[in-house]
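Report on the following structure.
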Amino acid sequence: MTTAPSPVAARHRPWPWCRQCTGIALDLGSARTRAWMSGRRSILDAPTVTVPGDSATHPIQRGTIVDTPGTARMLNRLLGHRLPRFGRPLLILTTPVLGGIAYRAEARTAVEVLRPRTVLTVPAARAVAMAADTDLTHPLLVLDVGAHLTEVTLLTDGAVTDARHTALGTGDLSTGDLSTGDLGGLTPPAQITDAVVVMVTAMLDQDHTSQTRDALRRGVLLAGGGALRPDITHHLTRGLRTPVQTVPAPHTAAVRGAARLLQAAHAHPSATGIPDLAHPH
């Protein structure tokens, strides 16, 4: 068993980067898996299921990899045939901000099927900020409303300094008739936005600096499929009493941010700005 290098060691490690090397940016969501490969213009966007059809199971649930072999099989089905026969890609993987070591370990095991030369992990919130080309020299609140997980993250100088999440997302929302009040027995959008307000309030209460308050005054950066729903953005603006800025194409923001980091890494490793998040093999 190998141990991850220290931040100092990773920063000065002579990694084998090159401009022509294959690279993969990968965002593993509970509902959708999105990937971008160097040399391609489009983003691969597919359901996060082990196999297509009625026998499909979901190997990732609410930000947790519950079936690592199934995740590996899915990745091999989606990306294996797209890789060059020879050569090992650089892979940048977005991770839930509270996924921790356990998530990264399971994810690295799953992506081994793609034969990566090096795996870098980046918090999804940081990737979203990169996709939005946001100024990271000031505190920033990033809100990601996914299909089955909603995360709010405070970034300070680009690093995660606080984060909260709730196991609710757009996949839990009612599909009932709002005009008649028939919510179909599922979660109304206001429940998600109320949970976000509670999380942000807790961050404000526990922050003995002015960073969270400064970030809130600046406004919230919103990503994820929930950003495509006007009812959610309206409730968030009213509940948080601050501007809510939606990232362009918010459902693919995380993988596009990872792709930007991938392109920077191909040019020069120090350009990524995330050497301390690297987990080389």
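Atoms considered below: every heavy atom in the structure, side chains included; atoms not considered: hydrogens, waters and symmetry mates.
Under a cut-off of 6.0 angstrom, the local environment of NE2 in His208 is sparse, with at most 12 non-hydrogen atoms contributed by other residues, nucleotides or ligands.
Looking at Leu120 and Leu93, their side chains never come closer than 4.5 Å, going by heavy atoms from C-beta outward. When side chains are defined from C-beta on, Leu143 counts as touching Val145, because their heavy atoms get closer than 4.5 Å. Contact of the Leu90 side chain with the Ile24 side chain is not registered, since no non-hydrogen atoms from C-beta on lie closer than 4.5 Å. At least one side-chain heavy atom of Met203 sits under 4.5 Å from a side-chain heavy atom of Leu154. With contacts defined as side-chain heavy-atom distances shorter than 4.5 Å, the pair Ile65/Tyr103 qualifies.
Of the N and O atoms on the side chains of Gln61 and Ser30, not one donor lies less than 3.5 Å from an acceptor on the other residue. A side-chain donor-acceptor contact under 3.5 Å links Thr57 and Thr50.
For the salt bridge (charged side-chain N to carboxylate O under 4.0 Å, His left out) condition, the pairs that include at least one residue of residues 26-43, sequence neighbours left out, are Arg32-Asp45, Arg34-Asp45. Residue pairs meeting the salt bridge (charged side-chain N to carboxylate O under 4.0 Å, His left out) criterion with at least one partner in residues 72-87, sequence neighbours excluded, are absent. A salt bridge (charged side-chain N to carboxylate O under 4.0 Å, His left out) check over residues 256-265, counting only residues at least two apart or in different chains, returns the pairs Asp133-Arg260. Residue pairs meeting the side chain to side chain donor-acceptor pair (under 3.5 Å) criterion with at least one partner in residues 151-162, sequence neighbours excluded, are Thr156-Thr161, Thr156-Gln211, Asp162-Arg164. Residue pairs meeting the salt bridge (charged side-chain N to carboxylate O under 4.0 Å, His left out) criterion with at least one partner in residues 232-246, sequence neighbours excluded, are absent.
For Thr134, there are no side-chain hydrogen bond (donor to acceptor under 3.5 Å, both in side chains) partners, not counting sequence neighbours. With sequence neighbours excluded, the residues forming a side chain to side chain contact (heavy atoms under 4.5 Å, CB included) with Thr242 are Leu216, Val220, Leu240, listed by chain and number. Taking Thr48 as the reference, Thr33 meet the side-chain hydrogen bond (donor to acceptor under 3.5 Å, both in side chains) condition, with sequence neighbours excluded. Remark: Val198 pairs with no residue by the side chain to side chain contact (heavy atoms under 4.5 Å, CB included) rule, at least two apart or across chains. For Asp214, the side-chain hydrogen bond (donor to acceptor under 3.5 Å, both in side chains) partners at least two apart in sequence or on another chain are Ser210, Arg217. Taking the side-chain hydrogen bond (donor to acceptor under 3.5 Å, both in side chains) definition, one finds that Asp135 meets it with Thr137, sequence neighbours left out. With sequence neighbours excluded, the residues forming a side chain to side chain contact (heavy atoms under 4.5 Å, CB included) with Leu98 are Ala163, His165, listed by chain and number.
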